Visitor: 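My questions all concern the structure below.
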Amino acid sequence: MAVDKKGVISALEEIALLLELTGANPFKARAFQNGARALANYEGDLRAGLDGGELAKLKGIGKSLLGEIKSLLETGESPARVELRAQIPAGLLEMLKIPGLGPKRAHELHEKLGVESVGELEYACKENRLLKLPGYGEKTQAKLLKGIDYIRKFSGRHLLSDAWTRADDLVERLQQHPGVSRIELAGSIRRRKETIGDIDILVATDEPAAVSEMFVTFAEVEEIIGHGDTKSSVRLESGIQVDLRVVPEQSFPFALHYFTGSKEHNTVLRQRAKDRGLRLNEYGLFHVDDHGEAIGESVAAMDEAELFAALDLAYIEPELREDRGELLAAESGALPELLQPGDIRGALHNHSTWSDGAHSIEEMARAAQALGWEYIGLSDHSQTAFYAHGLKPDDILRQHEEIDRLNERLDGIVILKGIESDILPGGALDYDDDVLESFDFIVASVHGNFGLDRKKQTLRSVRAVQNPFTSVLGHPTGRLLLAREGFDLDMDEVIAAAGESGCAIELNANPHRLDLDWRDLPKAVKAGVKISIGADAHRTEGLKDLRYGIALARKGWLRATDVLNVLGLAELKPMLRRSGCP
DNA sequence: GCCGTTTTCGGCCCGACTGTTTTCAGTCG
């Protein structure tokens, strides 16, 4: 069975991990990681790129990787992976998820103790068998047991919304310390990743010990993982790990950049520095001598913008620092002017008590107005969604009467009549045309029959976006972060179809969804698709989730002009009823 | 395994912290 691009990339990543587990040359493993990365950043079709010779020209793809990729595309398997899998038990890969256990020790434990899985490792720890190995002591064994406990209790990742809220609270409290002169949230929260491994907080202070002490003694700290001069790590009761880094004032911009990451972005930026005879680390940007030793003081920088400028780059927003072309764009002045929260004028896709929402239409409208919105789109569930009290045609009539009355009565906010129509398995919408015609807009979403095969699932969404009544394709992958994979479909094909037909695609701002995936947003923009940032609010507080949608829109390189709901009502309305509608 | 105006061999980003070591390897970000 052949695999798609995602399959090829994950195969190369797996090979890299397996290589590390064999104890092979670590640079060989890194070569596979780099190759996977090169493919992830490659925009074209792999098959075509392979046949046309484009892949062979990619930096990081050599003769050997090309062979593996070819084999994966043609047969669905790669000789290297088959061979490695035969050598390495699958349980060893699982073991790498244990915090504090890396490939070297996983390999060693396998070799010397015959441990092949997380469960076996747990047993070996409890039998004190690790203590017999050189370099292992009581603490290591206890730490591994704790790590096993941790991955069983938590997935190891957290929603952006949860981590961000908690992090803001910690920052606010640390700020109270008189010794703190600067403080910023760094890491993947600052980059607005949709899920977060741990919270990174950076502080500039001349009282590092006191600030660190305050941090590790917060009431919700359950465990102190590490506590050094410049770095402390704790685990909170909620399971999330928080790292605090403490640096002197003049290092702050360099440290902020460094600890914001991503690792991949940092690597290419450090390489760029190196190419210029400089060394970049969290303390500064230094000139180096012939022996590669840093000399003298750091190049001065008040902020990150000056750091980038010292490397002849425009300022790169944190959201873009993923090594997905941002350096090239920063070099050539091609960085986008990103969407701002203030650009948003309202949002479609919200629910009320008419289907499965918790608040009335009026309550939702007033809450939207309080947020400064000019309009709110109401889109309760359609009739097939019986589990969510989907609306029958006569419900819709009555709901529209209520909206008309409210629109007459309310000042300063306009309620748009919409529906979140299920996309039926064949791709049709959930009402007859005469009912569909009565709405201002229609969000079409898949809510059931997730198990259709890739071809049928793709066709289903393609038909939905080709339907002239569909204004927006809602949460296009159907994923629930940390809970459920999206359904199997060819998103490139769906995006292309939406581009041709003029249908918008949603970036659903619900923190469990954040769907369309930010990685696909640039593709959608390139195809001429407008993005509708939808709140998918089921209660008034849910409207505020739009901030997560805006954050991820920025991460996906969106400018205001790429977004549907930056438009005022007069411009928006015609966009919602496309040509072809009766 | 990949790469190259320092090119076909010899590098491949950099530093903090921990645990187990008397000088360092492993892990992490």
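Quick note: numbers below take in every heavy atom, side chains included, and nothing from hydrogens, waters or symmetry partners. So that the names make sense, note that chain A is the first sequence line, chain B the second, and so on, each numbered from 1. Nothing here was measured: the structure is a model prediction, and the numbers come from that model.
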Visitor: Residues from residues 222-231 of chain A sitting under 4.0 Å of DNA chain B, heavy atoms only?
Guide: A:G226, A:H227, A:G228, A:D229, A:T230, A:K231
Visitor: Would you call A:R47-A:E74 a salt bridge at under 4.0 Å N-O?
Guide: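 Looking at A:E74 together with A:R47, the answer is yes, because their closest N to O distance falls below 4.0 Å.
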Visitor: Do A:D243 and A:Q241 get their side chains close enough for a donor-acceptor pair, meaning under 3.5 Å?
Guide: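 Distance-only check passes for A:D243 and A:Q241.
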Visitor: Please confirm whether the backbone N or O of A:D323 pairs with a side-chain atom of A:E326, one donor and one acceptor, at under 3.5 Å?
Guide: yes
Visitor: Between A:H265 and A:F308, what is the ring plane arrangement, given parallel below 30°, perpendicular above 60°, and tilted in between?
Guide: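 If you compare the ring of A:H265 with that of A:F308, the planes turn out perpendicular.
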Visitor: What contact category does A:L101 fall into here, base, sugar-phosphate, or nothing, at under 4.0 angstrom with non-hydrogen atoms?
Guide: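 Result for A:L101 = sugar-phosphate.
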Visitor: Taking the P atom of each, how far is B:dC17 from B:dT6, in whole Å?
Guide: 37 Å
Visitor: Strictly distance-based, threshold 3.5 Å: is any side-chain N or O of A:E304 a donor or acceptor partner for the main-chain N or O of A:H257?
Guide: yes
Visitor: Does the A:T195 side chain pair with the main chain of A:L159, one donor and one acceptor, at a distance under 3.5 Å?
Guide: no
Visitor: Rounding to the closest angstrom, what is the interatomic distance between B:dC9 and B:dC14 at atom P?
Guide: 25 Å
Visitor: Determine the interatomic distance between P on B:dT7 and the same-named atom on B:dC12; round to the nearest Å.
Guide: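 Between the two P atoms, the distance is 15 Å.
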Visitor: Counting only heavy atoms and a strict 4.0 angstrom limit, can you tell me which residues of residues 258-266 of chain A come near DNA chain B?
Guide: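 Within this stretch, A:Y258, A:K263 sit under 4.0 Å of the strand.
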Visitor: Can any side-chain N or O of A:R321 pair as donor or acceptor with the backbone N or O of A:I316 at less than 3.5 Å?
Guide: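 Such a contact is found between A:R321 side chain and A:I316 backbone.
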Visitor: May I ask you to check whether A:E108 and A:Y136 show a side-chain donor-acceptor distance below 3.5 Å?
Guide: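 Distance-only check passes for A:E108 and A:Y136.
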Visitor: If you draw the axis of the six-membered ring of A:W164, does the NZ or CZ of A:R547 fall within 45° of it and under 6.0 Å from the ring centre?
Guide: yes
Visitor: Give a yes or no answer on whether the side chain of A:D169 reaches the backbone of A:E172 with a donor-acceptor pair at less than 3.5 Å.
Guide: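 No, the answer is negative, given that no donor and acceptor are paired below the 3.5 Å cut-off.
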Visitor: Roughly how many Å apart are B:dA25 and B:dT20, using the C1' atom of each and rounding to a whole number?
Guide: 9 Å
Visitor: Which part of the nucleic acid, if any, lies within contact of A:L65, taking any heavy atom under 4.0 Å across all strands shown: a base, the sugar-phosphate backbone alone, or nothing?
Guide: sugar-phosphate
Visitor: Hey, does the side chain of A:D515 reach the backbone of A:T477 with a donor-acceptor pair shorter than 3.5 angstrom?
Guide: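 Side chain of A:D515 to backbone of A:T477, a donor-acceptor pair under 3.5 Å: yes, one is there.
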Visitor: Any idea which heavy atoms bring A:V3 and A:V8 closest together, and the distance?
Guide: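 Closest heavy-atom pair between A:V3 and A:V8: CG2-CG2, 3.8 Å.
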Visitor: Please list, by residue number, the residues of residues 203-210 of chain A whose heavy atoms come closer than 4.0 Å to an atom of DNA chain B; answer none if no residue qualifies.
Guide: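 Contacting residues: none.
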Visitor: Does A:R559 offer a backbone N or O that forms a donor-acceptor pair with the side chain of A:D562 under 3.5 Å?
Guide: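 Yes; at least one donor-acceptor contact below 3.5 Å.
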Visitor: With nearest nucleotide decided by heavy atoms, which residue, A:G60 or A:D243, maps closer to the 5′ end of DNA chain B?
Guide: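 Taking each residue's closest nucleotide, the earlier one in sequence belongs to A:G60.
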Visitor: If the C1' atom of B:dC13 is compared with that of B:dT22, how far apart are they to the nearest Å?
Guide: 29 Å
Visitor: Given that A:K274 and A:Q141 both sit by DNA chain B, which one's nearest nucleotide is further toward the 5' end?
Guide: A:K274
Visitor: Could you measure between the two C1' atoms, the one in B:dT8 and the one in B:dG1, and give it in whole Å?
Guide: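 One C1' to the other, the span is 15 Å.
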Visitor: Rounding to an integer number of angstrom, what distance separates B:dG15 and B:dG10 when you compare their C1' atoms?
Guide: 24 Å
Visitor: Using a heavy-atom cut-off of under 4.0 Å over every strand shown, decide if A:L133 touches base, sugar-phosphate, or nothing.
Guide: nothing
Visitor: Name all pairs fulfilling the ring-ring contact (aromatic ring centres under 6.0 Å, His included) condition that reach into residues 16-55 of chain A, sequence neighbours left out, sorted by first residue then second.
Guide: none
Visitor: Heavy atom of residues 88-100 of chain A under 4.0 Å from DNA chain B: which residues?
Guide: A:I98, A:P99, A:G100
Visitor: If the test is side-chain hydrogen bond (donor to acceptor under 3.5 Å, both in side chains), which one of A:E319, A:E194, A:E322, A:E317 qualifies with A:K555?
Guide: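 Result: among A:E319, A:E194, A:E322, A:E317, A:E322 is the only option passing the side-chain hydrogen bond (donor to acceptor under 3.5 Å, both in side chains) with A:K555.
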Visitor: Is there a Watson-Crick or G-U wobble partner for B:dT27 with both distances under 3.5 Å, and which nucleotide is it?
Guide: B:dA16
Visitor: With a strict under 4.0 Å distance from non-hydrogen atoms of chain A, what nucleotide opens and what nucleotide closes the contacted stretch of DNA chain B, reading 5' to 3'?
Guide: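 Counting from the 5' end, contacts occupy B:dG1 to B:dG29.
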Visitor: Is a donor from one side chain sitting under 3.5 angstrom from an acceptor on the other, for A:R190 and A:T260?
Guide: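 Side-chain D/A pair, A:R190 to A:T260: present.
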Visitor: Could you check whether any side-chain heavy atom of A:Q175 comes within less than 4.5 Å of a side-chain heavy atom of A:R182, counting everything from C-beta outward?
Guide: no
